[in-house]
Amino acid sequence: MEKTQNKPLVAIRCITYNHEPYIRDALEGFVMQKTDFPFVAIVHDDASTDNTASIIREYSARYPDIIKPIYETENQYSKHDGSLRRIMDDACTATGAKYIALCEGDDYWTDPLKLQKQVDFLESHPDYSMCFHNVLVHEVDGYWKNDLFDINGSGEYSADQILRKWTVPTCSVMIRGINIFNSPLRSNPHYKFGDNVLFLTAAAFGKIYCIDKKMGVYRRNIGGVTVSTNVYQWRLNLIEHTKGLRQVFKNIVSKNVCNECISENYIYLLRISKGNVVGLIKLFLMGSIDGRGAFINDIWRIWIKPMLKTCK
């Protein structure tokens with residue numbers, strides 16, 4: 001990645017892989033931004049096998065002061081050793097930017113003043129560590145949705161709200177300072193997903209603010225890590241992930257909220273495990289000693305009791 005001559009105020013953090021149909025929208029969203037400060041976009045192509053890298057080269061040639069590409073010859077994400085995160089953390093640190101904005105290669109921004117609005121807020125509110133905004137949701141089947149994220153107006157949002165409803169669209173986020181990215185709070189063997197760990201880490205550093213304006217588009221079911229055809233395993237991952245969050249962020253996240261999230265996923269797995277004795281035993285063994293009584297109660301309520309009613 002080329003070094004920037006003028007220190008940018010904002011660095012955009014964009015990770016992309018095989019996003020040929022979408023990356024042009026993301027890059028256009030970056031270069032159309034109208035600001036009174038310099039900014040750059042760190043665009044990391046993770047060894048795409050389609051024409052994603054070629055499109056990035058096109059834009060980096062046209063906008064060399066904004067688009068700062070990183071091209072991999074070996075896919076970093078598939079290593080599962082943290083290399084992708086380290087590469088992006090180092091690249092953002094090298095820019096010296098005060099703020100980091102997030103947008104992956106399959107999402108995009110629609111408001112040319114998006115960066116300016118978020119910077120204006122954070123500059124005038126130093127007690128806030130993160131600012132996000134509302135988005136439109138575009139399903140892979142072409143449908144548009146407005147209610148995927150639980151955003152209820154502009155204002156401060158708590159760590160519990162961020163965790164309970166997965167309130168924050170990743171492509172809307174701006175974070176104050178690289179220190180949040182480098183925090184040890186982001187490392188735990190139970191974590192399965194990165195986004196809400198980052199948002200909760202930001203919440204540990206300061207307050208979180210939402211601008212309730214739709215300034216971008218989140219493409220859903222494109223094939224990201226939060227979307228899986230193996231729903232059973234995905235739910236198991238959510239349980240494990242939430243246990244990690246409960247342990248690490250116990251000072252800012254309610255234990256009850258974490259337990260509700262864990263319980264909901266256990267109940268879902270119970271419903272789809274009816275008749276699968278091996279699956280039920282695995283679920284039982286995954287639970288804590290204290291939680292196994294509640295687990296047995298759920299089996300009675302969801303599975304056995306309804307069957308007894310049908311026998312009457």
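Since this is a predicted model, take the numbers as computed values, not measurements.
Residue Arg176 comes nearest to Pro126 through the heavy atom pair NH2-CA, 3.4 Å, listed as atom of the first residue, atom of the second, then distance. Pairing each heavy atom of Ser172 with each of Val135, the nearest pair is CB-CG1, 4.2 Å. Nearest heavy atom pair, residue Ala97 against residue Ala11, reads CB-N, 3.5 Å.
For His133 and Lys214, the side-chain atoms include no donor-acceptor pair closer than 3.5 Å. One side chain, Asn51 or Glu20, offers a donor N or O that lies under 3.5 Å from an acceptor on the other. A donor-acceptor contact under 3.5 angstrom links the side chains of Asn237 and Gln233, judged on distance only. For the residue pair Ser83 and Asp81, a side-chain donor N or O sits within less than 3.5 Å of a side-chain acceptor on the partner. When only modelled atom types and interatomic distance are considered, Asp50 and Thr52 share a side-chain donor-acceptor pair under 3.5 Å. With hydrogens and angles left out, the side-chain atoms of Asp107 and Thr170 include no donor and acceptor closer than 3.5 Å. A donor and an acceptor atom, one from each side chain of Glu28 and Tyr59, are located under 3.5 Å apart. There is a side-chain donor-acceptor pair under 3.5 Å between Asn196 and His241.
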Handout entry: CA sep, side-chain torsions, deciding dist, call: Cys103, Phe30, side chain to side chain contact (heavy atoms under 4.5 Å, CB included)
Key = CA-CA 9 Å; Cys103 185; Phe30 302 159; 3.8 Å; yes

Handout entry: Leu27 and Tyr63: CA distance, side-chain angles, deciding distance, side chain to side chain contact (heavy atoms under 4.5 Å, CB included) verdict
Key = CA-CA 10 Å; Leu27 297 173; Tyr63 305 96; over 6 Å; no

Exercise for the section: Show your working on side chain to side chain contact (heavy atoms under 4.5 Å, CB included) between Gln33 and Lys114 and close with a plain yes or no. Expected result: CA-CA 7 Å; Gln33 291 299 303; Lys114 169 224 158 51; 3.7 Å; yes

Exercise for the section: Check the pair Lys79 / Glu74 against salt bridge (Lys or Arg N to Asp or Glu O under 4.0 Å), numbers first and verdict last. Expected result: CA-CA 9 Å; Lys79 293 180 179 179; Glu74 182 182 4; 3.7 Å; yes

Handout entry: Audit row: Thr93, Asp90, side chain to side chain donor-acceptor pair (under 3.5 Å) steps and yes/no
Key = CA-CA 5 Å; Thr93 300; Asp90 290 347; 5.3 Å; no

Problem - Working for side chain to side chain contact (heavy atoms under 4.5 Å, CB included), residues Val168 and Tyr157 - result: CA-CA 10 Å; Val168 181; Tyr157 281 68; over 6 Å; no

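With sequence neighbours excluded, the residues forming a salt bridge (Lys or Arg N to Asp or Glu O under 4.0 Å) with Asp25 are Arg219, listed by chain and number. For Phe39, the ring-ring contact (aromatic ring centres under 6.0 Å, His included) criterion is met by no residue, not counting sequence neighbours. Applying the salt bridge (Lys or Arg N to Asp or Glu O under 4.0 Å) rule to Glu264 yields the partners Arg164; only residues at least two apart in sequence or on another chain are considered. Every salt bridge (Lys or Arg N to Asp or Glu O under 4.0 Å) that Arg186 has, sequence neighbours left out, goes to Asp89. Asp127 pairs by the salt bridge (Lys or Arg N to Asp or Glu O under 4.0 Å) definition with Lys207, not counting sequence neighbours.
In this structure, Arg62 pairs ionically with Glu58, as a charged nitrogen and a carboxylate oxygen lie closer than 4.0 Å.
Looking at Thr35, Asp36, Asp111 one by one, the single match for side-chain hydrogen bond (donor to acceptor under 3.5 Å, both in side chains) with Gln116 turns out to be Asp36.
Side-chain contact between Glu72 and His44 is present, with at least one heavy-atom pair separated by less than 4.5 Å. Residues Pro69 and Asp45 fail the side-chain proximity criterion, which asks for heavy atoms closer than 4.5 Å.
In terms of modelled atom types and a separation under 3.5 Å, the side chain of Arg13 and the main chain of Ile100 share no donor-acceptor contact. Judged by distance alone, with hydrogens and angles left aside, the side-chain atoms of Asp46 form a donor-acceptor pair with the main-chain N or O of Gln76 at under 3.5 Å.
Linking ILVMFWY side-chain heavy atoms closer than 4.5 Å, directly or via other members, places Val10 and Phe132 in two distinct hydrophobic clusters. Both Ile66 and Val119 are members of a single hydrophobic cluster when ILVMFWY side chains are connected at heavy-atom separations under 4.5 Å. The cluster map of Ile, Leu, Val, Met, Phe, Trp and Tyr, joined by side-chain heavy atoms under 4.5 Å apart, puts Ile12 and Ile55 in the same cluster.
Ring-centre distance between Phe121 and Tyr209: below the 6.0 Å cut-off.
Residue pairs that meet the ring pair (Phe, Tyr, Trp, His ring centres under 6.0 Å) test with at least one member in residues 80-102, sequence neighbours left out, are Tyr77-His80.
Distance check: Ile180 CD1 to Leu185 CG gives 10.0 Å after rounding to the nearest 0.5 Å.
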